[in-house]
Amino acid sequence: MKEKFYITTAIAYSSRKPHIGNTFEVIMTDAIARYKRKQGYDVFFLTGTDEHGQKIENCAKEAGITPKEYVDGVAGQIKEIWDLMDSSYDHFIRTTDDYHEAAVSAIFKKLYDKGDIYKSEYEGWYCEPCEAFLTDSQIVDCKCPDCGREVKKMKEESYFFRMSAYQDRLMKHIEEHPEFIEPEARKKEMVNNFLKPGLQDLCVSRSSFKWGVPVSFDNKHVIYVWIDALSNYITALGYNPELPETDAFKKNWPADVHIIGKDIMRFHTIYWPIILMALDLPLPKKVFGHPWLNVGADKMSKSKGNSIYADDLANIIGVDAVREYVLAEMPYLNDGSITFDNIITRYNTDLANNLGNLVNRTLAMTAKYFDGIVPSPASENETDADLKACVKKAYDDMVAQMDSYHIADAVETVFSVFRRANKYIDETTPWTLAKNGDTERLSTVIYNLLEAIRVGAVMVEPFMPSTSVSILSQLGTTVDSYEFGGLEAGNPIGEAKVLFSRLDEKETLEKLEAMNPPKAPAVPVPEDQEEQIGIESFGAVELRTAQVIACERIPKAKKLLKLQLDLGYEQRQVASGIAKCYAPEDLIGKKLIVVANLKPAVLCGVESNGMILASGEGDQIKVVFLDDDTPLGQRVR
RNA sequence: CGCGGGGUAGAGCAGUUGGUAGCUCGUCGGGCUCAUAACCCGGAGGUCAGGAGGUUCAAGUCCCCUCCCCGCAACCA
């Protein structure tokens, strides 16, 4: 009886087509799933789409179609790319699937009946346009920190999950299962930032939008993403608390590993385990958070217009080359990066030169010296023994690397087999043996070569499945053992064909660049467009010109600068979150616009009397500067 | 003093429990001709961020201090 292995990706949010960074997760998970299958496990590989929520409701509205129509389109696109990339998932779940919605509804009900979910009057501040609940410390002068509009004191009813009740149990579990969260650094982040300070109860319903699974006993609310999306890992197996346990669930749960992006560690290592505890279900054995794939040094994002898509890339270099590239390029902990030069280099060196050419020259020799028949090996010498030892060692290394999720290292290890085989050709010089008529030795050498390639092809299968099949078929075999000696002498090899022809650097670079033209980033329609206001509302904001007379960093805050402003008729201190974009000395002497009648606030212990005007966010902030001869203290309208 | 991860040849990275610095790419030189201008060998290139710090017979590897980068959190008026 095979041991089971249940592996999952996070479900992809269906608001838009996934880029190569999103696609990486499926490729990585697929590589592990394929590897485990070859190791003899009965693998269940789950992936799918997360299709509810405000954002999708908005996207659909903008597109003028229903949310369901919208997600049908995007989910189809996602599935197409997953399929194109040869991902061998066993089930593709959509959170809009009937069985999932029914199960989520039942799960919510069960947790409510148990008392883990309770309805509460959320008392506090609420920004309607932003649909955000705010704490006392977040609001400024009764205004929303994001949009600056009035917030309402609100008694909003909402459902909350009693996270705090499970905190100690979760802490204990993490301590007792050091392998539960990987990489180790991520575990520390979770424990130190969230668990140790203490968990807040989690708001698990929304009444501000409709596109979700309704709370069965209170249809004003829909179930928010936590319970809806995370539950996919069990509902996909047929779990539903109101129904008898399915065989698939009994067999596969708990999951052996959830492969997820580093950005959603918190949901998978804190919320999800606690939901499971509340359901009296065992926890997944491992949650692995992988890093991101950047474009050069930049994060991939739609707003930067630098997104790269797996299907575009595959059109140029092929599916397996895309797989090999991202798997080999993504480090274990830190972010990886894509550059076009690198793609071409890796393709030419690893795939064309090392692997492709090896197979090609070996098959050519087999055809030339043995009429395409696998020769039979004779006695072995030291060179042969070393070749075999290297192949064996590579296999052992690969196993260790795959089992510890060091995928890039494992890819490198497999390619070392091909490199070793190339070296073996030079060590044995088959053409000389042929010339000298040393058929016995030549037979051995060619056999060993074919066999090293065969084992290498089997090892490479998790990373490049169709290449693996192609090589084996060229060898005229289907033997997929990792053991040396699988090929039967006397059998004919298959038809030789070029696996990876070298890419012309210039030509390919042009194609790659055409795929993602360096155009100005598209400016999406803003999501935060305001309602029209009268001139009197604008007039309520007192904008005045001012000059920076002093500026310094605020020690504990990475984003804040402390500015002393001269308004002509007075001086005041303002804190501003622009430290990432401006050095203090850049600002001194500059003239800018300040919101003069904003109520004071204290930020990181620094009093701030007003706000300076700037556009952008994150590390792209631009302060609105004035001409040097602008008088101070002037009203700006 | 919020927590954590890093700083190793031009680039990207390995270096398990401390024992003469490695890999891939690039570069320079050589070899070979079965092969996709491929393949193989060799050279150059690193005082392993800094501290003429500590422990040790021995430290990239452990401890201490400083500097820099990154992640998470906080913060973004």
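Below, chains carry the letters A, B, ... as their sequence lines are ordered, and counting in each starts from 1.
For A/Met365 and B/C32, the CE to P distance is 17 Å, given to the nearest whole Å. Between the CG atom of A/Asp396 and the P atom of B/U16 there is a distance of 19 Å, given to the nearest Å. Rounded to an integer number of Å, the gap from A/Leu333 CG to B/G15 P is 12 Å. Straight-line distance from the CG atom of A/Asp335 to the C1' atom of B/G6: 13 Å, rounded to whole Å. The interatomic distance linking A/Tyr347 (OH) with B/U36 (P) rounds to 15 Å, in whole Å. Atom-to-atom, CZ of A/Arg361 to C1' of B/A37 comes out at 14 Å; the value is rounded to the nearest Å. If you measure from atom CE of A/Met330 to atom P of B/G12, you get 17 Å, rounded to the nearest angstrom. Residue A/Glu329 contributes atom CD, which lies 12 Å from atom P of B/A14 at whole-angstrom precision.
Within the 4.0 angstrom heavy-atom criterion, base atoms lie near A/Asn357. Using a 4.0 Å heavy-atom criterion, one finds that A/Arg419 contacts the sugar-phosphate atoms exclusively. A/Arg346 comes within contact range of no nucleotide atom at all, as no heavy-atom separation falls under 4.0 Å. Counting any heavy atom pair closer than 4.0 Å across all strands shown, A/Lys368 reaches sugar-phosphate atoms only and no base atom. Heavy atoms of A/Leu358 sit nowhere under 4.0 angstrom from any nucleic acid atom. The residue A/Ala352 sits close to a base: some heavy atom pair falls under 4.0 Å. Using a 4.0 Å heavy-atom criterion, one finds that A/Phe194 contacts the sugar-phosphate atoms exclusively. Using a 4.0 Å heavy-atom criterion, one finds that A/Thr345 contacts the sugar-phosphate atoms exclusively.
The heavy-atom pair separating A/Asn448 from A/Tyr424 by the smallest distance is ND2-OH, 3.1 Å. What you find for A/Arg502 and A/Ala352 is that their closest heavy atoms are CG-CB, 3.8 Å. The two residues A/Gln474 and A/Ala496 make their nearest non-hydrogen contact at OE1-CA, 3.5 Å.
For A/Arg502 and B/A37, the shortest distance from a side-chain N or O to OP1 or OP2 is not below 4.0 Å. For A/Lys262, no side-chain nitrogen or oxygen approaches OP1 or OP2 of B/C72 to under 4.0 Å. Using a 4.0 Å cut-off, some side-chain N or O of A/Lys188 falls inside it from OP1 or OP2 of B/G5.
The side chain of A/Ala185 approaches B/G4 more closely than any other nucleotide in the set B/C72, B/C34, B/G4. Considering only the side chain of A/Ile425, B/C34 comes nearest among B/A73, B/U36, B/C34. Out of B/G31, B/A73, B/C32, the shortest distance to the side chain of A/Trp431 is found at B/C32. Among the nucleotides B/U36, B/C39, B/A73, the one closest to the side chain of A/Asn360 is B/U36. Here the nucleotide nearest the side chain of A/Glu412, chosen from B/C34, B/U36, B/C23, is B/C23. Here the nucleotide nearest the side chain of A/Asn353, chosen from B/A38, B/C25, B/A73, is B/A38. The listed nucleotides are B/G71, B/A73, B/C25; the one nearest the side chain of A/Glu189 is B/G71. With B/C34, B/C3, B/A73 as the candidates, the nucleotide lying closest to the side chain of A/Asn192 is B/C3.
B/A35 and B/C13 are spaced 38 Å apart, taking the P atom of each and rounding to whole Å. Rounded to a whole angstrom, the distance from the C1' atom of B/G7 to that of B/G51 is 15 Å. To the nearest whole angstrom, the two P atoms, one in B/G60 and one in B/U24, are 23 Å apart. Between B/C39 and B/A44, the distance separating the two C1' atoms is 22 Å to the nearest Å. Comparing B/C67 with B/G43, their P atoms are spaced 41 Å from each other, to the whole Å. Using P as the reference atom, B/G19 and B/C34 are 46 Å apart when rounded to the nearest Å. A distance of about 26 Å separates the C1' atoms of B/C68 and B/C25, rounded to the whole Å. With P as the reference atom, B/C23 and B/A9 are 14 Å apart, rounded to whole Å.
The nearest heavy atom of RNA chain B to A/Pro331 and to A/Leu355 marks one nucleotide each, and the one closer to the 5' end goes with A/Pro331. Closest-nucleotide positions on RNA chain B for A/Lys435 and A/Asn348 were compared, and the one nearer the 5' end corresponds to A/Lys435.
With a cut-off of 3.5 Å on both Watson-Crick or G-U wobble distances, the partner of B/A44 is given as none. The partner of B/G71, taking Watson-Crick or G-U wobble pairs whose two distances both stay under 3.5 Å, is B/C3. Shown here, B/A11 forms a base pair with B/U24; the pair counts as Watson-Crick or G-U wobble because both key distances fall under 3.5 Å.
A/Asn193 contributes no side-chain N or O that forms a donor-acceptor pair with the base of B/G4 under 3.5 Å.
Look at A/Glu495 and A/Lys497 and you find no salt bridge, because none of the NZ, NE, NH1 or NH2 atoms lies under 4.0 Å from a carboxylate O. Salt-bridge annotation for A/Asp168 and A/Lys172: absent, with no side-chain N of the basic residue lying under 4.0 Å from a carboxylate O of the acidic one. The pair A/Asp384-A/Arg441 meets the salt-bridge criterion, since a charged nitrogen lies less than 4.0 angstrom from a carboxylate oxygen.
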For the pair A/Thr383 and A/Val445, evaluate side-chain contact (heavy atoms from CB on, under 4.5 Å) and give the outcome as yes or no after the intermediate values. CA-CA 10 Å; A/Thr383 311; A/Val445 165; over 6 Å; no

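Side-chain atoms of A/Glu329 and A/Arg346, non-hydrogen and from C-beta on, do get closer than 4.5 Å to each other. The side-chain heavy atoms of A/Trp431 and A/Ile425, taken from C-beta on, include a pair separated by under 4.5 Å.
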